[in-house]
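I am attaching a structure below and will ask some questions about it afterwards.
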Amino acid sequence: LEGLEQKWMARWDADATYRFDRSRPRAQVYSIDTPPPTVSGSLHVGHVFSYTHTDVVARFQRMRGKAVFYPMGWDDNGLPTERRVQNYFGVRCDPSLPYDPTFLPPDKPPKQAISVSRPNFIELCARLTAEDEKVFEHLWRYLGLSVDWQMTYATIGPRAQRISQLSFLRLLQRGLAYQLEAPTLWDVDFRTAVAQAELEDREQPGAYHRIRFAVADADPGTAFIEIDTTRPELIPACVALVAHPDDERFKPLFGREVITPLFGVKVPVRAHALADPEKGTGAAMICTFGDVTDVIWWRELGLPVRSVLQPNGALRPVTFGGAGWESADVPRAQQHYDQLAGLSAVKARVRIVDQMKETGDLLGDKRPITHAVKLYEKGDRPLEILTSRQWFIRTMEHREALLARGRELQWHPPYMQARFDNWVHGLAGDWCVSRQRFFGVPFPLWYQVRADGSIDYEARLLPSEGRLPVDPSTDVPDGYRPDQRNQPGGFAGDPDVMDTWATSSLTPQIAARWEEDPDLFARVFPMDVRPQAHDIIRTWLFDTVLRSHFDVEALPWQHAAISGWVLDPDRKKMSKSKGNVVTPMGLLEEHGADGVRYWAASGRSGTDTAFDPGQMKVGRRLAIKLLNASKFVLANPGPHGAVTAAVDRGLLASLAVIVRESTDDLEQYHYTRVLERTESFFWTFCDDYLELVKGRRYGDQGPDLAASANGALVTALSTMLRLFAPFLPFVTEEVWSWGHDGSVHTAAWPTADEVLAPCGGVEDPRAIEALQFATTVLGAIRKKKSEEQRPLKTPVAVAVVRAPSALLALLPSVEADLRASGLIQHLETAEGDVLDVIVTLAPVEAPVPERTP
RNA sequence: AGGCGCGUAGCUCAGUUGGUUAGAGCGCCUGCUUGACACGCAGGAGGUCAGCGGUUCGAGUCCGCUCGUGCCUACCA
């Protein structure tokens with residue numbers, strides 16, 4: 001078994017075994033939207049797991065005669081790569097710089113990061129990821145993925161950029177993408193907007209603070225509204241108080257005003273149904289913006305903006321007394337606020353609590369709680385909501401159409417559709433696709449700069465589609481000169497890049513070369529399958545359906561094959577941070593690719609699977625067994641002819657059933673059953689059938705019956721090899737090569753008719769019974785030998801087979817095989833209700849005394 | 001809090017539309033070098049199918065409830 005991976009991965013490459021035949025029409029193509037792995041990370045056992053599932057199906061479809069479109073993408077777009085390139089080369093991206101075609105990074109990263117233009121930065125990314133990709137490709141080849149390695153793409157490559165930009169421009173033209181200055185979820189560390197899909201909730205400690213607001217039209221010190229807040233530092237950003245419209249406690253106050261503590265700003269008391277009388281005091285403070293509910297209240301109640309947070313998460317300087325910042329006591333407000341300006345939200349919270357303790361506006365002590373807080377999934381600090389100019393793709397008004405797409409898609413397993421529906425129902429706003437980062441696909445447009453130097457965001461300058469891809473930080477819009485950049489009367493490039501999902505969601509279009517190679521596109525799109533894990537249904541799957549719905553008004557694929565996770569023995573998801581990751585290459589070297597694939601293929605669609613090296617060992621043993629059994633079948637096979645003997649016909653008849661079921665199951669993506677069934681058949685083949693026919697195939701019953709055995713053996717082996725081929729590509733190819741010129745992986749998938757052909761096309765259920773009967777009798781003989789702890793070669797003096805007459809009628813057809821394999825000296829029969837075998841072993845021979853020399 | 005899974009042998013898991021005595025592999029125990037294989041072969045022990053109730057001639061399987069567990073979504077004053 002050793003060395004099969006190197007031998008065959010080189011051979012498959014040289015022979016172009018997995019090359020996509022693009023001359024085939026769509027109906028003869030099976031196309032796969034392969035997930036592009038993130039190259040700045042490392043591949044782990046979870047990748048090996050899920051990519052094996054895809055490969056099993058790909059190999060099956062190829063053997064079924066389909067031209068398999070199986071590309072590989074590399075995800076080198078986005079923050080992980082941005083960080084890695086910065087550290088590796090010691091550079092930092094500055095999109096304001098012009099491209100320097102001569103730039104080369106120093107050998108060692110300097111202490112002070114070098115600023116480079118965005119195109120230079122992207123070049124460095126391509127350089128670094130090219131090395132990562134080589135390592136990845138080698139692992140994939142070693143695992144035996146039947147990818148067409150001539151068809152690779154990168155999510156930051158020119159094709160991906162062009163298609164991302166093209167799709168965006170068309171969405172813009174159709175009003176499906178729009179720009180808006182609006183409150184947006186914002187990460188203060190990455191200093192970028194983020195999308196709903198990138199949020200995660202984390203439990204964080206917090207505290208309720210009870211604060212009182214004086215009623216403005218009451219006598220000072222006589223009337224207050226109390227509220228609870230976890231974010232007292234946002235009191236200066238308070239624009240109103242709110243309570244439920246039916247809440248009797250606050251009804252008299254609606255429409256009146258209160259005065260904010262410390263800052264003396266008058267804010268109205270308003271009513272809104274979202275205010276929960278059960279929460280806190282029943283009244284809440286509306287700030288711009290403390291959470292998403294604030295945004296809803298602010299919008300629906302038509303409140304003003306009074307923002308205090310800056311993009312870096314610190315409180316900005318504010319001058320009280322000006323428009324929007326009128327105060328009853330400007331010097332006092334300013335004095336309090338100046339102590340907060342420049343502080344982070346957390347520090348400002350501590351400071352303002354001290355201030356309110358002094359003034360008596362804080363009632364009682366703070367009450368610590370633990371509450372769920374929204375964070376960017378890659379971030380460490382809670383998200384803020386800041387008003388900024390962002391690009392959005394419409395989702396909200398297309399929810400019904402998207403749900404319909406979800407129903408149209410065939411999910412494996414079907415219940416995964418619920419996650420999609422769940423997500424669509426829970427959408428809170430359109431998809432924010434712009435990021436204030438450097439490394440990514442730029443938005444392909446510029447704006448006119450007014451005479452006063454300000455940017456006119458309404459006056460967009462769009463490139464023609466033929467110019468794409470463009471980088472507006474270095475490219476110049478048509479009709480302008482480079483020296484007009486950022487000049488009055490000139491132009492300014494859009495500074496943002498797209499969310500990585502905005503590109504990843506186009507993988508079917510990128511791989512199929514949408515609007516670039518219409519011939520190829522027509523042959524592979526919409527694709528057959530998207531394989532992916534369940535955790536990114538809300539991102540990758542949803543976004544891809546959305547984009548395809550807009551771009552081509554179709555589903556991007558017919559099937560979604562959802563894989564589970566690999567869990568460590570403690571049932572936790574295996575992950576790098578938990579330090580329990582096993583390197584895939586080590587596993588492949590230890591257990592062999594076939595062994596590892598055997599374990600991976602045991603994980604059903606959607607089901608999380610325990611990491612289990614024991615199963616890899618089992619798979620490895622299966623591969624070895626396959627080599628040995630094949631050696632027996634193929635070594636000195638003798639002539640093979642018509643399959644006439646009952647056990648031989650029984651073998652092929654039961655194999656025909658396996659073939660039929662396996663084909664149906666693989667069509668349904670139920671690959672685990674196929675492996676189980678084939679394996680089970682194979683062990684019965686080895687342990688029972690081979691033992692029954694061993695003597696006969698050597699000629700003990702004459703040439704005709706030897707030819708029957710050989711015919712069945714060769715047919716069964718050929719069939720089993722092909723059934724195993726999608727799962728164990730290396731060992732099956734090795735064995736196949738002993739008797740064939742071509743690859744087993746391009747051989748035809750077996751059919752029941754083909755298996756039955758040596759039996760004259762007859763599928764004889766009586767033959768199956770006969771084989772089972774013989775196996776049962778043989779088992780009883782073995783059991784007796786085992787119980788008496790005698791060697792298996794011990795002869796059977798007498799075997800009495802008691803059985804119903806219908807079974808006994810089968811005995812003559814298998815008697816010779818049974819006598820030979822069981823070493824039966826005398827065989828007797830008797831009628832009985834149930835099958836029962838009484839075995840008497842030959843007496844133990846007296847040991848032959850050793851001769852003294 | 002809602003949604004979707006899962007709970008079967010010590011471990012990892014099968015168990016199709018309800019139908020004889022609930023299966024496999026690993027591990028464990030006992031033997032055996034049988035003309036491909038000791039990286040092997042044969043045999044064995046081991047289960048109140050999470051619990052309770054219901055439908056049915058019949059329930060691991062269908063229905064309801066409970067418990068445990070995991071994920072998805074939400075909850076953030």
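Within every chain, numbering begins at 1; the chains are lettered A, B, ... in the order of the sequence lines, protein sequences first and strands thereafter. No experiment lies behind these values; they were computed from the predicted model shown.
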#### Entry: Below 4.0 Å: OP1/OP2 of B:G25 and any side-chain N or O of A:K617
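No.
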### Message
Does B:A36 have its OP1 or OP2 closer than 4.0 Å to a side-chain nitrogen or oxygen of A:Y698?
### Response
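So the side-chain polar atoms of A:Y698 do come within 4.0 Å of the phosphate oxygens OP1 or OP2 of B:A36, strictly under.
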### Query
Starting at NZ of A:K785 and ending at C1' of B:U33, how long is that distance when rounded to a whole Å?
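Those two atoms, NZ and C1', are 15 Å apart.
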### Task
Dump the intermediate steps for side-chain contact (heavy atoms from CB on, under 4.5 Å) on A:D648 and A:V693, then the final yes or no.
CA-CA 8 Å; A:D648 301 342; A:V693 303; 3.7 Å; yes
### Task
Would you kindly give the CZ-to-C1' distance between A:R782 and B:G43, to the nearest whole Å?
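Answer to the nearest Å: 10 Å.
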### Query
Nearest-Å distance, CH2 (A:W599) to C1' (B:G25)?
16 Å
### Task
Tell me, with the steps shown, if A:D665 and A:R660 meet salt bridge (Lys or Arg N to Asp or Glu O under 4.0 Å).
CA-CA 9 Å; A:D665 279 341; A:R660 230 178 260 124; over 6 Å; no
### Spacing of A:H412 atom NE2 relative to B:G5 atom C1', expressed in whole Å
18 Å
### Query
For the pair made of CH2 in A:W411 and C1' in B:C4, what is the distance, rounded to whole Å?
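It is 13 Å, rounded to the nearest whole Å.
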### Message
Here's a test of your reading of the structure: between A:Y598 and A:N628, which maps to the more 5' nucleotide of RNA chain B?
### Response
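Residue closer to the 5' terminus by nearest nucleotide: A:Y598.
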### Query
Between residues 659-682 of chain A and RNA chain B, which residues have a heavy-atom gap below 4.0 Å?
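Nucleic-acid contacts, sorted: A:R673, A:E676.
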### Task
State, without any angle test, whether A:Y598 and A:E679 hold a side-chain donor-acceptor pair at a distance under 3.5 Å.
yes
### Task
Determine, for A:F632 and A:R697, whether the Lys NZ or Arg CZ falls below 6.0 Å from the six-membered ring centre while staying within 45 degrees of the axis.
yes
### Query
So which pairs with a foot in residues 617-633 of chain A pass side-chain hydrogen bond (donor to acceptor under 3.5 Å, both in side chains), sequence neighbours left out?
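Non-adjacent pairs meeting side-chain hydrogen bond (donor to acceptor under 3.5 Å, both in side chains): A:E2-A:R620.
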### Query
Contact class for A:K793 (heavy atom, under 4.0 Å): base, sugar-phosphate, or nothing?
sugar-phosphate
#### Entry: Plane angle bin for A:F685 and A:F681 - parallel if under 30°, tilted between 30 and 60°, otherwise perpendicular
parallel
### Task
Please state the P separation for the pair B:U8 and B:U48 - nearest whole angstrom.
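These two P atoms come out 12 Å apart once rounded.
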### Under-4.0 Å side-chain N/O to phosphate OP1/OP2 contact, A:T293 with B:A77
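No, because none of the side-chain N or O atoms of A:T293 sits under 4.0 Å from OP1 or OP2 of B:A77.
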### A:R697 side chain near B:G35 phosphate (N/O to OP1/OP2, under 4.0 Å)
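A:R697 to B:G35 OP1/OP2: no side-chain N or O under 4.0 Å.
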#### Entry: Length of the CE-P vector between A:M416 and B:U73, whole Å
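The distance from CE of A:M416 to P of B:U73 comes to 12 Å, rounded to the nearest Å.
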### Query
Taking the nucleotide of RNA chain B with the closest heavy atom to each, which residue, A:Y415 or A:D700, is nearer the 5' end?
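This one resolves to A:Y415.
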### Query
Can you tell me how far CG of A:L403 sits from CG of A:D421, rounded to the nearest 0.5 angstrom?
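A:D421 atom CG to A:L403 atom CG measures 5.5 Å (nearest 0.5 Å).
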### Query
Whole-Å distance between B:C76 C1' and A:E233 CD?
13 Å
### Message
Would you measure the distance from the P atom in B:U34 across to the matching atom in B:A45 and give it in whole Å?
### Response
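The same atom, P, in both gives a distance of 26 Å.
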### Task
Record whether the side chain of A:D201 comes under 3.5 Å of the base of B:C75 through a donor-acceptor pair of N or O atoms.
yes
### Task
Please report, rounded to the nearest Å, how far the P atom of B:A77 is from the CD1 atom of A:I225.
19 Å
### Task
Determine the contact category for A:A275: base if any of its heavy atoms lies under 4.0 Å from a base atom, sugar-phosphate if only primed atoms, P, OP1 or OP2 are that close, otherwise nothing.
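It contacts base atoms.
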Identify each donor-acceptor pair in which a side-chain atom of residues 269-285 of chain A lies under 3.5 Å from a protein atom, sequence neighbours left out, and give them as a table.
{"residue": "A:R270", "atom": "NH1", "partner": "A:L301", "partner atom": "O", "Å": "3.3"}
{"residue": "A:H272", "atom": "ND1", "partner": "A:L274", "partner atom": "N", "Å": "3.0"}
{"residue": "A:H272", "atom": "ND1", "partner": "A:W297", "partner atom": "NE1", "Å": "3.2"}
{"residue": "A:H272", "atom": "NE2", "partner": "A:E300", "partner atom": "OE1", "Å": "2.9"}
{"residue": "A:D276", "atom": "OD1", "partner": "A:E278", "partner atom": "N", "Å": "2.9"}
{"residue": "A:T281", "atom": "OG1", "partner": "A:E226", "partner atom": "O", "Å": "2.6"}
{"residue": "A:T281", "atom": "OG1", "partner": "A:A283", "partner atom": "N", "Å": "3.3"}
{"residue": "A:T281", "atom": "OG1", "partner": "A:A283", "partner atom": "O", "Å": "3.3"}

### Message
Just N and O in the side chain of A:K784: are any of them under 4.0 Å from OP1 or OP2 of B:G43?
### Response
no
### Query
Is the distance from OP1 or OP2 of B:A14 to the nearest side-chain N or O of A:Q615 less than 4.0 Å?
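Negative; the distance criterion is not met.
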### Query
Any side-chain N or O of A:R790 less than 4.0 Å from the OP1 or OP2 oxygen of B:C32?
no
### Task
Report the nucleotide, chosen from B:C76, B:A74, B:G31, that has the shortest atom-to-atom distance to any side-chain atom of A:W423.
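So the nucleotide nearest the side chain must be B:A74.
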